[in-house]
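A note on names: the letters A, B, ... follow the listed sequences, proteins ahead of strands, and every chain is numbered from 1. What's counted below: heavy atoms across the whole structure, side chains too, no hydrogens, waters or symmetry copies.
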There are 2 protein chains.
Amino acid sequence: MKSIKDIAIIAKVSPGTVDRVLHNRPGVSKKTKERVLKIIEESNYTVNTVASILASKKTYTIATLLPTSKNEFDFWEAPKLGAQKALNEIKNLGFRIESFEFNQFDPDSYCKAFKKMANTNPSAALIAPILNKETQEHIHLLEDKNIPYVFINTETEGLNNLSFIGQKSFQGGFVAGKLFNWVLPENSEVLIVEIRKNVVNYTSINQRLKGFKDFFKNSEKSISVKKIAINTLDNLQILNKELKNYLDQNPNTKGIFVPSSKISFIAKSIIELNRKDIELGGFDNTLENVAFLKNETVDFLISQRPMEQGYDGVKLLFNYLIDKKQPKKNHYLPIEIVLKENVDFL
Amino acid sequence: MKSIKDIAIIAKVSPGTVDRVLHNRPGVSKKTKERVLKIIEESNYTVNTVASILASKKTYTIATLLPTSKNEFDFWEAPKLGAQKALNEIKNLGFRIESFEFNQFDPDSYCKAFKKMANTNPSAALIAPILNKETQEHIHLLEDKNIPYVFINTETEGLNNLSFIGQKSFQGGFVAGKLFNWVLPENSEVLIVEIRKNVVNYTSINQRLKGFKDFFKNSEKSISVKKIAINTLDNLQILNKELKNYLDQNPNTKGIFVPSSKISFIAKSIIELNRKDIELGGFDNTLENVAFLKNETVDFLISQRPMEQGYDGVKLLFNYLIDKKQPKKNHYLPIEIVLKENVDFL
DNA sequence: CTTAATTTCGTGTGCGTACACAAAATTGAA
DNA sequence: TTCAATTTTGTGTACGCACACGAAATTAAG
């Protein structure tokens, strides 16, 4: 492994000069700069990140802006865990994480947290932009300061995020369609239950719906897709009633699809209605959802790999900050099909 | 962040003494050792891995012993890529990889490579022990020298590998069963095609078969499982004929399961026999298999995440060598269901 | 050609640790 | 008590790099 000193000797300059060249600092004549650069190239030298970090006492702070998790089993706990795992690998390299949280159902709290975060002038930010409008409105707080940021979980349009890390929602819905197509019999109906309240992140959900419907457009099997909207999940009685009503009137319904992480509510209803014959599918392997998967109320889940979202996000920012390694704009995570049979091996 | 020097000042000793305590080296009186230890504890000091590695010019060599890949799309290319990726993250920390390869169909070449590897006295080894007997016979070469080793891909029994990284094969077969159960109609038959030649790693394959059959034991749907053995894949004509014979005599066969990565051969036959109505499922998203997945000859694949096998394996060894962090014995990777619809998002 | 201004370059120190070596303190034997 | 043997502790240097400072070389001005 060659060092700066080695390069210096070959180039017949001092280590200091090589260092200046490497960091693009002024004070080197064009001639010697080119010479040194050429030698660096030829001797395939790479900086020793370890020594570099040790010497430059620079410290980096990555701010995370994620929804508060209600409990340790919440979906949003996973990205945090992932970020923490990544941090453990790089904390000796001068990296810290500063966490900011917000109530995902309260736009104000998002805005406040966003501002607070921007005010701390982090080296970079990792954001779950589940509230689209508010994100659009506040993102300039980071851009004005040239703070790079990546988005996880929710794909956005027209913003200069370094990268997006998460699932291609359309395709997630498409895969869900495929699975229902497998599971449901010919000439049956599948019902989409859209939950209006207690759910944010409409961007993702709409994409999933699009993908889901798209699948059945080109499917050979004749399965028809219906949709109802539930306005709240706060009262399970109401949900039961609405669901019962629908199922009574549409006896051909053999499956229910929920394009969010809320399939567990439907599962509860289905149990109470004693309609385990209906196949259920939804998103996210939260603890609650997994429980219904295991007792066979839910037939499949599609995981967004939330843990990887945090892990990969932090790692990506790390690489960018250290090596200025430009990441690809879209870092799509696997569309993972989770069944009772493989849920224990994630 | 406290440093050795800080500790030294608090404990009223020299940095050298603190260092001796940290490394459990002799030359420190019991009294001061305890005092220093206590202060280290209290001031929650942790060694700066970066500086530590820079100072100790120790270098670690991780030997990999994997099958030669026939081409860049071979299954075994993936673990190598993963290992390389991991290496990139730790090469500045004094780590190197030394690769050893063998012909997976030639036990002799495995033994030779094993011996060669052991002779280089690596710091640790990453092995794909697809040949069970030969592994049992040679593993002492590493144990005698106290060289830690992890196994990837193939689970073994009775060996002191630090860890196994790979899929739970039984469960992989079980999931395959579930998928066929979804895809196949009531009262149909699924055919297992076992390929005797050109396939090693019987351990994994037998486990998969067990899992597959096990699934149907407790399935409500009445699907019966049959099995034939093919002795070679060298001559596609023979395969075609045998397959045609079987299908003609067993018209109820609606699916074919191959418990190895060789499903593509069956797929070719199925196309030639013009029997695309039959559902195919198998293992490993090799390029060839994926091609048949995409053209809908193959219905599903189960991926072993071969890339992660290499990556996680090297990372695990790294953590063990640096921090003596004892890994858990079994590091099971996800049983990933790969469909035409999600194959592009792995 | 001189001298100052400016550019270009070399030297030295420190980051936190590992390790070799030197120094001091303790112990033991006479 | 004395002095050597032994144990215990302190000091210095190196790892590869970043960066400040000062020295040398070049250029410009007179």
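- Distances were taken from every side-chain heavy atom of B/Ala55 (C-beta onward) to each of C/dC9, C/dC15, D/dA14; the shortest belongs to D/dA14.
- Atoms NZ (A/Lys57) and C1' (D/dA18) sit 8 Å apart, rounded to a whole Å.
- Between C/dA18, D/dT9, D/dG16, one nucleotide has an atom nearer to the side chain of B/Asp19 than all others, and that is C/dA18.
- Protein atom CZ of A/Arg20 is 12 Å distant from nucleotide atom P of D/dA18, rounded to whole Å.
- Looking at heavy-atom distances under 4.0 Å, B/Leu54 makes contact with a base.
- Straight-line distance from the NZ atom of B/Lys58 to the P atom of C/dA20: 11 Å, rounded to whole Å.
- The distance from atom NZ of A/Lys2 to atom P of D/dC17 is 12 Å, rounded to the nearest whole Å.
- Atom CZ in B/Arg35 sits about 8 Å away from atom P in D/dT9, given to the nearest Å.
- The residues A/Lys80 and A/Glu101 are annotated as salt-bridged, a charged nitrogen and a carboxylate oxygen being separated by less than 4.0 angstrom.
- Listed pair A/Thr17 / C/dT8 fails the phosphate criterion, with no side-chain N or O lying under 4.0 Å from OP1 or OP2.
- For A/Tyr60 and A/Phe95, the ring centers sit closer than 6.0 Å to each other.
- Using a 30° and 60° split on the angle between ring planes, A/Tyr110 and A/Phe114 fall in the perpendicular class, above 60°.
- Contact annotation: A/Ser3 does not reach the phosphate of D/dC15 (side-chain N/O to OP1 or OP2, under 4.0 Å).
- When the P atom of C/dA25 is taken as reference, atom NZ of B/Lys31 falls 14 Å away, rounded to whole Å.
- At least one side-chain nitrogen or oxygen of A/Tyr45 sits closer than 4.0 Å to the OP1 or OP2 atom of D/dC17.
- B/Asn48 comes within 4.0 angstrom of the backbone, heavy atoms only, and of no base.
- Between B/Glu77 and B/Lys70 no salt bridge is recorded (no basic side-chain N to carboxylate O distance below 4.0 Å).
- The side chain of A/Ser14 contributes an N or O atom lying less than 4.0 Å from OP1 or OP2 of C/dG10.
- A straight line from CD1 of A/Ile9 to C1' of C/dG10 spans 14 Å, rounded to a whole angstrom.
- A/Phe151 has its ring centre less than 6.0 Å from the ring centre of A/Tyr149.
- Taking side-chain N and O atoms only, A/Ser52 has a distance below 4.0 Å to OP1 or OP2 of D/dA18.
- Between A/Asn92 atom CG and C/dT17 atom C1' there is a gap of 12 Å when expressed in whole angstrom units.
- Here the nucleotide nearest the side chain of A/Ser29, chosen from D/dT11, C/dA18, C/dC9, is C/dC9.
- The listed nucleotides are C/dT11, C/dC19, C/dT8; the one nearest the side chain of B/Arg25 is C/dC19.
- Proximity of A/Thr32 to the phosphate of C/dT8: no side-chain N or O atom is located under 4.0 Å from OP1 or OP2.
- For the pair A/Arg96 and A/Glu98, the salt-bridge criterion is met [side-chain N within less than 4.0 Å of a carboxylate O].
- B/Val50 comes within contact range of no nucleotide atom at all, as no heavy-atom separation falls under 4.0 Å.
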